[in-house]
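So you know, we letter chains A, B, ... as the sequences are listed, proteins then strands, and number each from 1. Quick caveat: nothing in here was measured; it's all calculated off a predicted structure. What you see below is based on every heavy atom in this structure, not just the backbone, and it leaves out hydrogens, waters and symmetry mates.
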Amino acid sequence: MRLLLKGGRVIDPSRDMDDQMDVLVEKGKIAKLGKNISDDSQGVGAKGQKGDLEIINVQDLLVVPGLIDIHCHLREPGFEYKETIQTGSEAAAAGGFTSVACMANTDPVHDNRSVTEFIRQKVAQSDLINVFPVASISVGLQGQILTEFIDLKNAGAVAFSDDGKPVMNSALMRRALEYAYSIGMPVISHCEDANLSNEGVMNESFVATELGLSGIPSVAEEMMVARDILLAQYTRTAVHLAHVSTAGSVQIIRDAKNRGVKVTAETAPHYFTLTEEFLRDYNPNMKVNPPLRSSEDREALKQGLRDGTIDVIATDHAPHARTDKEVEFEYAASGIVGLETSLPLSLRLVEEGVVTWKQLIAMMSFNPARILKIPKGTLKAGADADITVVDLNKKWTVSRDTLHSRSKNTPFDGWEMKGKAVLTVVGGKIKHREL
Amino acid sequence: MKLSRKDILGIKELGADEINLILDTAETFIEVSTREIKKLPTLRGRTIINLFLEASTRTRTSFEIAGKRLSADTINISSSTSSMVKGETLIDTARNLEAMNPDVIVIRHRSAGAPHLLARMVKQPVINAGDGAHEHPTQALLDMMTIRSKKGKMEGLKVAIVGDIAYSRVARSNIYGLRKMGAHVVIAGPATMLPRDIERMGVAVYCRLEEAIKGADIIMMLRIQTERQQQNIFPSLREYANYFCLNGENIKLAKEDVLVMHPGPINRGVEISPDVADGPYSVILDQVTNGVAVRMALLYLVTGGGQ
């Protein structure tokens with residue numbers, strides 16, 4: 001099975017390319033990129049398909065390396081009523097993602113190789129997208145004892161994170177950074193001082209004061225951003241910071257990068273799209289952790305994306321069933337689904353002039369691949385044929401009823417979107433198609 | 001004039017004209033409670049459910065009496081546990097209650113926003129009887145009624161609210177209401193009790209009781225919740241009483257005709273000394289009396305009453 005994508009605008013940040021190109025895929029790999037790759041040489045007629053070659057006209061469409069989500073929750077094993085690897089992969093493919101990294105806060109926790117193997121088995125069964133499991137830093141996410149990093153790596157884990165919970169014990173975090181770095185594995189930190197966030201349910205601010213909801217101060221995040229940066233600097237290791245949400249965090253990361261600290265960071269579309277003002281009617285689908293912040297924070301995040309302080313746009317796709325959400329605001333679970341809305345929301349950044357096309361595609365493919373050290377995020381010849389084709393002009397409306405994810409907890413229900421992934425190719429095979 | 005809204009969820013969304021309508025209506029009901037036969041036929045055949053999912057004696061009793069004095073059938077559902085603990089969600093509780101066709105649902109809940117969730121679910125009017133640290137609109141209305149009847153106005157008065165503002169729905173509702181009615185509101189408490197950016201609600205902020213009550217026409221003391229000590233909001237009741245208790249001495253800083261108010265239940269000797277609570281400035285029991293009238297007015301208005 002071969003595939004020829006004809007006439008698209010190819011943006012490949014891995015080699016600084018933005019040009020009209022044809023892309024030929026053979027045996028699951030990128031075979032070649034070039035102007036007017038000849039149909040005849042492949043023995044193909046005008047009908048578009050002959051033999052084992054499928055030709056797809058992608059003129060006026062964007063052809064980019066398959067999108068990579070460095071941070072999502074697929075909920076399996078243990079919370080299959082929220083999401084499964086199958087349904088989460090369907091949502092990812094529909095959203096243009098060819099690879100995702102799934103977090104370890106499952107039940108049982110992904111803290112030993114039997115869970116890694118289980119996840120990989122489920123991924124193989126679904127045969128949709130690449131799923132890279134992230135194992136936990138601590139046994140049972142308890143923040144006490146390191147998991148078996150080397151064994152987990154050998155089983156197929158790509159990174160370590162206690163995401164969902166902070167590693168409050170600084171000594172444990174230090175050892176995790178050292179041990180992981182020595183085996184070439186990234187550590188992803190959920191930055192939250194749990195004592196400061198306490199029982200907070202939204203950003204601590206005037207809006208929280210008016211709503212009478214207990215607040216999570218921005219400093220609860222910034223303290224841990226600063227701590228992890230200091231630990232990485234001192235131990236001469238690297239750290240990746242998950243879901244950065246505050247202006248203060250952006251500033252601390254920017255300063256650290258300027259000092260040469262090996263720190264990378266991600267934010268998510270809801271943080272550069274929404275603010276705490278959306279909480280005014282106590283909508284549980286606006287409840288996330290870290291919480292939606294102020295408009296000043298939102299602007300600082302955009303600035304951080306623009307100047308490269310923030311490397312990655314992640315979804316933090318966090319499916320929750322209606323039963324987890326349709327309760328009093330303070331009892332509602334934190335998190336929103338994001339795999340199917342991330343791309344169009346991120347495209348707005350280019351439209352608003354915040355980032356360039358190359359920057360955006362890098363933040364959604366090349367950079368997460370580099371941080372996870374996976375051979376993805378490029379359209380170079382010989383690379384895995386993971387490709388996303390985007391129709392920038394496709395207008396559509398988000399509807400919870402048509403989401404592929406098993407859970408429907410989107411804050412963007414009813415939002416008008418412009419731009420959509422219309423073709424998702426994974427390993428040379430078409431996994432989602434709308435053209 | 002009639003009320004043009006289905007629910008009473010907070011003072012924030014009420015206009016001054018609506019507040020005046022409610023207070024004017026309440027005043028017409030005051031006299032009923034002084035009769036030998038304390039009953040009007042106004043809501044005969046109507047059903048009011050008091051859904052109290054957080055402990056309450058005063059507010060629940062006040063709503064119940066208000067309903068009964070208007071001849072409504074009042075049903076109390078009391079539970080100090082949350083709906084989550086009970087195993088049934090608030091939404092399911094709401095649907096079940098709605099299916100029994102009540103005319104008004106009054107809700108008290110420990111979670112901010114719970115009445116809003118209920119109001120979205122049911123077609124009947126919902127009255128918020130206190131939600132978390134958010135709002136307690138009927139308390140603010142009875143406070144405003146008390147001030148208006150004692151002082152003849154609210155405009156231009158200096159009102160000091162002292163205590164755990166961060167945790168107080170009474171403070172928030174009163175700030176909204178009193179500001180709309182033209183009063184000058186100041187608040188005081190240690191910084192741990194002052195929520196972030198509270199000054200943006202249009203109040204002057206002090207950290208000492210004495211500064212706030214200087215020249216005040218009205219002093220509202222808030223109840224200290226002892227469980228807040230565990231969160232290090234204050235070091236000890238002893239220290240709080242020493243520095244934030246309204247007593248016979250510091251009250252002299254206020255105007256000579258100051259009114260002392262408290263939403264109750266009072267911690268004697270903690271936020272207010274017994275001599276002040278029982279003294280000549282205290283209108284604490286007038287507040288309770290007016291509470292019944294205000295709640296009668298609201299029940300009357302949300303069921304379509306009004307000229």
Side-chain angles (χ1 to χ4, degrees), chain A residues 193-222 246-248 275-287 291-297 320-334 409 413, chain B residues 9-13 53-54 82-85 87-95 107 109-121 128 130-136 165-173 175-176 187 194-203 205 228 230-233:
Chain A
D193 184 311
N195 293 319
L196 280 172
S197 57
N198 192 21
E199 295 185 348
V201 295
M202 69 169 290
N203 186 39
E204 183 170 278
S205 65
F206 179 61
V207 181
T209 292
E210 285 211 310
L211 293 176
L213 292 171
S214 49
I216 300 172
S218 51
V219 71
E221 174 177 310
E222 290 151 8
T246 81
T275 67
E276 58 191 352
E277 291 291 337
F278 284 84
L279 289 161
R280 286 218 178 256
D281 61 353
Y282 297 95
N283 179 356
N285 283 333
M286 295 287 172
K287 186 179 177 185
L292 300 178
R293 306 282 188 182
S294 69
S295 54
E296 290 78 25
D297 292 304
H320 287 296
R322 286 177 58 181
T323 48
D324 304 319
K325 281 290 195 184
E326 291 183 354
V327 292
E328 295 85 335
F329 187 86
E330 71 178 86
Y331 305 142
S334 290
N409 50 315
D413 189 39
Chain B
L9 300 178
I11 301 292
K12 187 183 184 207
E13 51 270 19
L53 299 175
E54 180 187 62
S82 73
S83 56
M84 292 287 280
V85 177
E88 186 184 51
T89 66
L90 181 61
I91 289 177
D92 282 326
T93 303
R95 286 186 178 132
I107 180 174
H109 199 296
R110 64 175 293 273
S111 292
H116 307 66
L117 179 65
L118 182 71
R120 279 198 293 270
M121 294 301 302
N128 180 1
D131 63 324
H134 179 224
E135 282 231 39
H136 194 347
I165 310 289
Y167 204 54
S168 177
R169 52 194 174 215
V170 176
R172 284 172 179 75
S173 289
I175 291 169
Y176 289 130
I187 61 166
L194 303 175
R196 196 152 177 94
D197 296 336
I198 181 74
E199 63 280 0
R200 285 176 56 190
M201 287 179 82
V203 297
V205 182
R228 294 275 281 165
Q230 281 134 41
Q231 299 163 25
N232 291 310
I233 301 302

Is Tyr176(B) in contact with chain A via its backbone, its side chain, both, or neither, using a 4.5 Å heavy-atom distance?
side chain
CA sep, side-chain torsions, deciding dist, call: Arg110(B), Glu328(A), salt bridge (Lys or Arg N to Asp or Glu O under 4.0 Å)
CA-CA 10 Å; Arg110(B) 64 175 293 273; Glu328(A) 295 85 335; over 6 Å; no
Looking at Arg228(B), I want to see if its CZ is surrounded by more than 12 non-hydrogen atoms of other residues, nucleotides or ligands under 6.0 Å.
yes
CZ (Arg280(A)) with more than 12 external heavy atoms under 6.0 Å:
yes
I need the Tyr282(A) OH to Asp131(B) CG distance, nearest 0.5 Å.
5.5 Å
Is the Phe329(A)-His134(B) ring centre distance short of 6.0 angstrom?
no
So how far is it from Arg322(A) CZ to Ile91(B) CD1, rounded to the nearest 0.5 Å?
8.0 Å
Proximal component of Arg200(B), with respect to chain A [non-hydrogen, under 4.5 Å]
both
Only heavy atoms, only distances under 4.5 angstrom. Which residues in residues 209-222 of chain A are near chain B?
Thr209(A), Glu210(A), Leu211(A), Gly212(A), Leu213(A)
Given a strict heavy-atom distance threshold of 4.5 Å, which part of Glu204(A) is in contact with chain B: side chain, backbone, both, or neither?
both
Options Glu135(B), Arg120(B), Arg169(B), ranked by heavy-atom pairs under 4.5 Å with chain A, top entry
Arg120(B)
In terms of heavy-atom pairs under 4.5 Å, which option from Ala166(B), Gly132(B), Ser111(B), Ser168(B) contacts chain A the most?
Ser111(B)
